[in-house]
Amino acid sequence: MAIVGAGPGGATLAVRLRRLGYRVVLVEKATFPREHIGESLTGECAIVLREMGFGDAMDAAGFPVKRAVTVHGPNKLNRFRVPVQRLGEDGVIIPGQTWQVRRPEFDSLLLNGALAEGAELIRAEARGVLRRDGRISGLRLRDETGEDSDLTADFVADASGLQTFLSRSGVCGARHRGGYEKQVAFYGQFEGARRDAAPDDGATHIFYAARHLWAWFIPISSTVTSIGVVTPGALFKESGQSVQEYLTEQLASLHPELSERLREAQPVSETWSTSNYSYHIDDFAGDGYLCIGDAHQFTDPIFSFGVSNSVQEASLAAGAIDGYLTARSVDRMHPIHTYADIVSRAQARVKTLIDTFWEFPLAFLKLAHYDRQADIAELLSGRLYSQSAEMNEAGIIMRDLLAKRRVAGDGRA
């Protein structure tokens, strides 16, 4: 069993498959620890991590506890707080919590956990796939010295994130661009930023300025906060500024509440930038292969679904792969098709949620702050892959709202 990518999704899949008794090889070209965007975890992600036995290590790492997300609109009347929540043993929704993480430490923690379970790590770049009798049979690798080699495998999983390895290799379909213009994120780490009082001192804050122009505020240690701005790429290009100049100006002017929180803040890292745009990939699961997380779909980073989706999909993928490899040949594709269906439905819920936030912000505010608080909290906690998510009333309302717009011929998708 070969997994391309040793980030959270790849490491989770490796742990799951090792516990099912499979030999697992992780292929990763990056050296860990590594810097990476995406420090905020959802409530469902925390549940999966604890279930896998990582809870004590997460607590020992001193990652800030996240109990809520607060979204700040253009004025104080447009502000709303969404708590992290979970299902109790009796099925009743109760308060929950998760973590904010320092990705170099978090990613290394999960990878080391996978290696402790017996997974193998090959430091190399996956350059292509091997085929036998019309199906995937392994990977063509290139190591750090430039030497090529072949790795045979009964199954290949793509956890390469935005690299979308299997799509680029012609195994899956091509990337289809989504409905959002290309965006660029500028971010860094700061000390001295003002947080909420305990117990919400680890809360995420999102500052909305305009369509696709927003900022995040994520505590990642007792003193350091990750702060970044996401902006349409065209706005940055028009500014003529450097990455650092643009971030500095945006943090000062994007939102008054953010500026106030940063009054005493000082940068303690370099300024990073990364481009992103929405896409989805067809045929992301098939005979001998599947993709998880961003390797097959990315919508928008605003509600921090990235790591959560990868971890939850990895858990589902382990069962699908086990079913595929142990089934009689006549029905071996059933687990793979079931995986693809569940994952596609969950990703559609993510897109519905985010589309509504950007296209109908006042309607989203009404749902989140007044009419369907618990429903929105359930979705933002990452409970997207269960059967109950299909009946989420806020989700149904948002789907209907977007469908009416499409029928009206608005043209925006």
Side-chain angles (χ1 to χ4, degrees), residues 1-17 24 26-30 34 36-49 52 54 98 101 103 106-107 110-111 114 126 155-169 171-173 175-176 178 185 274 276-286 289-321 336 339-351 353-354 379-385 389:
M1 171 70 214
I3 303 171
V4 181
T12 297
L13 180 56
V15 170
R16 297 291 199 187
L17 288 171
V24 179
L26 285 157
V27 177
E28 175 59 64
K29 65 180 180 180
R34 58 173 187 177
H36 205 286
I37 197 170
E39 299 99 337
S40 190
L41 308 184
T42 68
E44 288 299 296
C45 186
I47 290 171
V48 173
L49 293 173
M52 289 198 300
F54 288 109
T98 184
V101 297
R103 285 296 298 272
F106 174 66
D107 290 10
L110 293 190
L111 175 55
F155 201 97
V156 172
D158 184 359
S160 66
L162 299 178
Q163 298 299 314
T164 60
F165 165 72
L166 284 179
S167 176
R168 290 189 296 105
S169 300
V171 176
C172 309
R175 292 206 288 196
H176 300 284
T274 184
N276 60 67
Y277 56 86
S278 63
Y279 61 84
H280 72 275
I281 292 170
D282 295 329
D283 303 322
F284 64 87
Y289 72 91
L290 58 72
C291 304
I292 64 175
D294 291 350
H296 71 91
Q297 184 159 348
F298 175 81
T299 301
D300 187 287
I302 189 164
F303 291 126
S304 303
F305 285 122
V307 174
S308 180
N309 286 352
S310 292
V311 166
Q312 291 188 81
E313 290 182 15
S315 297
L316 292 170
I321 293 167
I336 302 300
Y339 166 81
D341 181 64
I342 293 172
V343 164
S344 295
R345 289 175 181 272
Q347 291 280 358
R349 293 180 189 113
V350 170
K351 191 172 189 307
L353 184 78
I354 294 173
L379 294 172
L380 292 184
S381 288
R383 202 168 302 116
L384 303 160
Y385 294 85

Problem - Nearest-0.5 Å distance, SG of residue Cys172 to NE2 of residue His280 - result: 12.0 Å
Practice task
Using atom types as modelled and distance alone, determine if a side-chain donor or acceptor of Ser167 lies under 3.5 Å from a backbone N or O of Gly173.
Solution key: yes
Handout entry: From Asp158 atom CG to Leu13 atom CG, the distance as rounded to the nearest 0.5 Å
Key = 11.0 Å
Completion exercise
Looking only at heavy atoms, the pair that brings Ser315 and Val48 closest together is OG-CG1, 3.7 Å
Handout entry: Rounded distance (nearest 0.5 Å) linking atom CD1 of Ile37 with atom OG1 of Thr274
Key = 6.0 Å
Exercise for the section: Specify the closest pair of heavy atoms between Ala285 and Ile336, including all atoms of both residues, with the distance to one decimal. Expected result: CB-CG2, 3.6 Å
Problem - Side chain Glu44, main chain Arg383, donor-acceptor under 3.5 Å - result: no
Handout entry: Partner set under ring pair (Phe, Tyr, Trp, His ring centres under 6.0 Å) for His36, not counting sequence neighbours
Key = none
Exercise for the section: Provide the closest heavy-atom pair for Gly9 versus Ala314 in the form atom of the first, atom of the second, distance. Expected result: O-CB, 3.3 Å
Exercise for the section: Please step through side-chain contact (heavy atoms from CB on, under 4.5 Å) for the pair Arg16 and Ile321, ending with a clear verdict. Expected result: CA-CA 10 Å; Arg16 297 291 199 187; Ile321 293 167; over 6 Å; no
Problem - Phe155: ring pair (Phe, Tyr, Trp, His ring centres under 6.0 Å) partners, not counting sequence neighbours - result: Tyr324
Fill in the blank from the handout: All heavy atoms of Ala317 vs all of Leu290, minimum pair found to be CB-CD1, 3.8 Å
Exercise for the section: Begin from the C-alpha positions of Leu49 and Thr98 and carry the test side-chain contact (heavy atoms from CB on, under 4.5 Å) through to its verdict. Expected result: CA-CA 10 Å; Leu49 293 173; Thr98 184; over 6 Å; no
Exercise for the section: Using the side-chain contact (heavy atoms from CB on, under 4.5 Å) rule, take Tyr279 and Asp294 through it: C-alpha gap first, then chi angles, then the decisive distance, then the call. Expected result: CA-CA 9 Å; Tyr279 61 84; Asp294 291 350; 4.0 Å; yes
Practice task
Working to the nearest 0.5 Å, report the span between CD of Gln297 and CD1 of Ile292.
Solution key: 14.0 Å
Practice task
Would you check if the side chain of Ser160 reaches a backbone N or O of Phe165 as a donor-acceptor pair within less than 3.5 Å?
Solution key: yes
Problem - Side-chain touch His296/Val343, heavy atoms, less than 4.5 angstrom - result: yes
Handout entry: Separation between CG of Leu380 and CZ of Phe305, rounded to the nearest 0.5 Å
Key = 5.0 Å
Practice task
Check whether any side-chain N or O of Arg349 sits under 3.5 Å from a backbone N or O of Leu379 as a donor-acceptor pair, and report yes or no.
Solution key: no
Problem - Sequence-distant partners of Tyr339, ring pair (Phe, Tyr, Trp, His ring centres under 6.0 Å), two or more places apart - result: none
Problem - Under 3.5 Å donor-acceptor, Arg103 side chain and Gly38 backbone - result: yes
Exercise for the section: Find out whether Val307 and Val311 are in side-chain contact, i.e. whether some heavy atom of one side chain is under 4.5 Å from a heavy atom of the other. Expected result: yes
Practice task
Output the distance between atom OG (Ser278) and atom CZ (Arg175), rounded to the nearest 0.5 Å.
Solution key: 11.0 Å
Practice task
Decide if atom CZ of Arg345 counts as having more than 12 heavy atoms of other residues, nucleotides or ligands within a radius under 6.0 Å.
Solution key: no
Handout entry: Chi angles and distances behind the side-chain contact (heavy atoms from CB on, under 4.5 Å) call for Tyr385, Asn309
Key = CA-CA 9 Å; Tyr385 294 85; Asn309 286 352; 3.3 Å; yes
Problem - Minimum heavy-atom distance Arg34-Pro8, with the two atoms named - result: NH2-CD, 4.2 Å
Problem - Closest heavy-atom pair and its distance - Ala114, Val15 - result: CA-CG2, 3.7 Å
